[in-house]
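Everything on this sheet refers to the single structure shown next.
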Amino acid sequence: MPSDHHFKIGGLRWLWRYTRLKGQAAGWAYLPDHKNPKLERKVLIDSRLTRRQRLETECHEALHCCFPQMSEETITQAGADLSRILWALGYRLKEE
């Protein structure tokens with residue numbers, strides 16, 4: 001599995017990590033808010049996902065980072081649409 005990555009999203013630095021998540025979540029985006037203004041910006045993606053599930057989760061969590069004000073329903077639909085288009089265009093995780 002890839003090591004940690006760091007990306008600039010919206011001009012801000014984000015930690016992007018693949019790990020085993022507990023429960024049903026495929027991914028999480030942690031964003032600072034008024035209750036936790038010093039929270040580290042990070043995205044966690046479950047390392048057990050299939051390539052197709054992983055692409056959709058990556059799109060979903062990246063959209064949360066780009067548009068934190070959007071509803072979960074909007075992000076879910078946009079992530080599914082974007083990942084479906086990318087998959088149809090041939091975007092795939094390289095075999096390791």
Side-chain angles (χ1 to χ4, degrees):
M1 193 52 47
S3 59
D4 289 353
H5 300 278
H6 290 90
F7 297 108
K8 282 221 171 177
I9 302 173
L12 302 170
R13 183 179 162 95
W14 288 81
L15 168 65
W16 195 277
R17 177 176 289 161
Y18 297 89
T19 188
R20 288 182 68 123
L21 297 180
K22 295 179 183 176
Q24 297 297 315
W28 287 101
Y30 292 90
L31 299 87
D33 59 21
H34 67 283
K35 292 181 186 177
N36 298 298
K38 295 186 187 245
L39 184 67
E40 179 185 19
R41 289 176 178 83
K42 65 182 170 183
V43 170
L44 302 179
I45 306 285
D46 196 305
S47 57
R48 297 168 290 180
L49 299 174
T50 66
R51 293 188 315 161
R52 180 70 178 89
Q53 292 169 325
R54 180 172 161 171
L55 178 61
E56 185 167 340
T57 302
E58 290 166 335
C59 289
H60 179 104
E61 299 308 334
L63 288 166
H64 273 305
C65 300
C66 292
F67 306 107
Q69 72 284 3
M70 287 190 167
S71 71
E72 183 66 23
E73 294 78 19
T74 300
I75 293 291
T76 297
Q77 186 61 58
D81 291 344
L82 181 56
S83 67
R84 188 180 64 255
I85 291 165
L86 292 172
W87 194 261
L89 292 172
Y91 286 85
R92 303 286 191 277
L93 179 65
K94 289 181 185 177
E95 293 294 334
E96 296 184 40

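We're numbering straight along the sequence, starting at 1. No experiment lies behind these values; they were computed from the predicted model shown.
For L31 against L39, the heavy-atom pair with the smallest separation is O-CD2, 3.5 Å. Considering every non-hydrogen atom in both R52 and W87, the closest pair reads CD-CD2, 3.3 Å. Listed here is the closest heavy atom pair of G79 and E56: O-CG, 4.1 Å. P68 and C65 make their closest contact through CD-O, 3.7 Å (heavy atoms, listed as atom of the first residue, atom of the second, distance). Contact between D33 and K35 at its shortest, heavy atoms only, is OD1-N, 3.0 Å. Residue R48 comes nearest to L21 through the heavy atom pair NH2-O, 2.7 Å, listed as atom of the first residue, atom of the second, then distance.
Distance check, rounded to the nearest 0.5 Å: CZ of R54 to OG of S83 gives 13.5 Å. The structure places CZ of R20 at 7.5 Å from CG of D46, a figure rounded to the nearest 0.5 Å. Once rounded to the nearest 0.5 Å, the distance linking CG of L82 with OH of Y91 reads 10.5 Å. Taken from CG in L86 to CG in L55, the straight-line distance is 5.5 Å, to the nearest 0.5 Å. Atoms NE2 and OH, from H5 and Y18 in turn, are 5.5 Å apart once rounded to the nearest 0.5 Å. Within the model, atoms CZ of R41 and NZ of K8 stand 11.0 Å from one another, a figure rounded to the nearest 0.5 Å.
A 6.0 Å sphere centred on CD of Q24 holds no more than 12 heavy atoms belonging to other residues, nucleotides or ligands. When the shell of 6.0 Å around CZ of R92 is examined, it contains more than 12 heavy atoms from other residues, nucleotides or ligands.
Checked against H64 for a side chain to side chain contact (heavy atoms under 4.5 Å, CB included), the options I9, I75, V43 give a single hit: I75.
In this structure, E61 and K42 have side chains that are not in contact, with every pair of non-hydrogen atoms separated by 4.5 Å or more. Contact check for L63 versus M70: no side-chain heavy atoms found under the 4.5 Å cut-off.
Put simply, W28 and L49 are part of two different groups of oily side chains (I, L, V, M, F, W, Y) that touch within less than 4.5 Å, one to the next.
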